[in-house]
Student: 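There's a structure below that I have some questions on.
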Amino acid sequence: MPSDTQAAAPSTTEEGAAPRARAGARDAAAAAGAGAVERRRARRSRLYRWDVKYSPYALVAPFFLFFVAFGLFPLLYTGWASLHRVELGAPTDMEWVGLRNFSRLWDDEFFWNALRNTFTIGVISTVPQLLMALGLAHLLHYRLRGSMFFRVAILTPYATSVAAATLVFVLMFSRTDHGMINWALGLVGVDAVDWQNGDWTAQFAVSAIVIWRWTGYNALIYLAAMQAIPNDLYESAALDGASRRQQFLHVTVPSLRPTILFTCVVSTIGATQLFGEPLLFSQGASPTGGSDHQFQTLGLYLYEQGWFNQHLGRASAIAWTMFLLLVLIGLLNWAISRWIRKSA
């Protein structure tokens with residue numbers, strides 16, 4: 001009997017050790033699983049922090065890459081080329097000339113002619129355009145039947161291609177019998193006008209294209225600004241006996257001063273860079289701006305020097321001169337905006 005008991009003891013010990021081993025294995029597996037979960041949580045938390053920290057940079061990176069490639073690099077390269085004599089046929093062969101390309105512009109009558117044409121076309125197109133846009137926005141600001149249709153309609157010229165719009169205006173201002181403008185003038189007894197070969201007539205025709213394309217765009221900007229004006233101002237003015245005309249002059253216009261300044265600056269910048277309309281209005285899309293350079297703008301003169309005369313150095317100097325003019329316009333805008341804020 002003792003021998004049987006002694007023989008059974010190891011078996012009982014072995015039977016008790018097996019559950020403990022399995023429990024230990026389960027505990028070890030649970031601990032390993034918990035550790036894996038903690039590691040995954042830590043890794044996800046780290047990825048989340050990286051995502052919050054670096055995702056904004058990744059989202060804006062494409063803009064800066066394109067800006068460096070197509071904005072900053074051309075600007076710096078043209079600045080460097082403006083200090084050299086370089087031709088279109090050999091853009092890598094540069095001869096240092098310093099500021100000679102800029103000093104030549106001072107005595108270049110064609111440059112001053114292009115600058116004068118740019119200024120006059122800008123004035124002729126900007127002033128009527130903004131006045132008409134302000135009037136249209138004032139009309140659309142009040143409740144009109146089908147106002148949404150009119151808002152879309154006045155934006156249609158802005159969405160139209162520059163080439164298509166200019167070709168239509170070329171036909172309208174044609175000197176021949178099929179020119180609509182001369183046909184209308186003939187109905188009231190006015191002789192046909194040679195719009196393309198006259199000085200002021202050509203500039204007026206080019207300005208008409210700009211006015212037609214951009215009036216609706218500026219009108220919607222003014223309309224959006226008008227809708228932000230509190231109605232309390234109009235109600236107070238109406239209680240004081242102000243008519244709609246007086247409300248427009250003494251409530252609407254003063255409230256729109258920052259917006260009007262913005263549109264003036266943007267229109268001036270657009271007039272300084274005017275290129276497509278005068279190019280396509282000229283016969284054969286010539287960069288000379290008419291037979292006597294009567295509507296050649298700075299953009300056309302740059303194009304003529306760089307791609308027809310193949311003087312990339314001179315063209316770069318013209319481009320930088322235009323850039324400096326835009327910087328001056330921006331500084332003037334800043335000064336006037338600061339004065340408006342102080343006066344308000």
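Each residue takes its place number in the sequence, starting with 1.
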Student: Any donor-acceptor pair under 3.5 Å linking the side chain of T297 with the backbone of L274?
Tutor: yes
Student: Anything under 3.5 Å between a donor and an acceptor, one on a side chain of residues 299-308, the other on a protein residue two or more places apart or in another chain? List them.
Tutor:
unit_1	atom_1	unit_2	atom_2	d
Y301	OH	D108	OD1	3.4
Y301	OH	D108	OD2	2.1
E304	OE1	Q296	NE2	2.8

Student: Find the distance between OG (S267) and CD1 (I211) and round it off to the nearest 0.5 Å.
Tutor: 10.5 Å
Student: Do any side-chain atoms of residues 93-100 form donor-acceptor pairs under 3.5 angstrom with protein atoms, and if so which ones, sequence neighbours left out?
Tutor:
unit_1	atom_1	unit_2	atom_2	d
E95	OE1	R85	NH1	2.8
E95	OE2	R85	NH1	3.1

Student: Which residues pass the side-chain hydrogen bond (donor to acceptor under 3.5 Å, both in side chains) test with T263, not counting sequence neighbours?
Tutor: Y222
Student: Please assess L134 against L256 for the test side chain to side chain contact (heavy atoms under 4.5 Å, CB included), listing each intermediate value before the final yes or no.
Tutor: CA-CA 10 Å; L134 191 60; L256 292 181; 3.7 Å; yes
Student: Within the side chain of N101, is there an N or O that forms a donor-acceptor pair under 3.5 Å with the backbone of H84?
Tutor: yes
Student: I'd like to know if the side chain of Q273 reaches the main chain of M322, judged simply by a donor and an acceptor atom lying under 3.5 Å from each other, with no hydrogens or angles considered.
Tutor: no
Student: Aromatic rings Y234 and H141: how do their planes relate, parallel, tilted or perpendicular, breaks at 30° and 60°?
Tutor: tilted
Student: So which pairs with a foot in residues 72-83 pass side chain to side chain donor-acceptor pair (under 3.5 Å), sequence neighbours left out?
Tutor: T78-W320
Student: Can you give me every donor-acceptor pair (side chain of residues 118-130, partner residue at least two apart or in another chain, under 3.5 Å) with its distance?
Tutor:
unit_1	atom_1	unit_2	atom_2	d
T118	OG1	A114	O	2.7
T118	OG1	L298	N	3.0
T120	OG1	R116	O	3.1
T120	OG1	N117	O	3.0
T120	OG1	Q203	OE1	2.7
S125	OG	I121	O	2.7
S125	OG	G122	O	3.3
T126	OG1	G122	O	2.7
Q129	OE1	N218	ND2	2.5
Q129	NE2	S125	O	3.2

Student: Between T156 (side chain only) and A153 (backbone N and O only), is there a donor and an acceptor less than 3.5 Å apart?
Tutor: yes
Student: Apply ring pair (Phe, Tyr, Trp, His ring centres under 6.0 Å) to F67 and list each qualifying residue two or more places apart in sequence or on a separate chain.
Tutor: none
Student: With under 30° as parallel and over 60° as perpendicular, where do the rings of W195 and F173 fit, or are they tilted in between?
Tutor: perpendicular
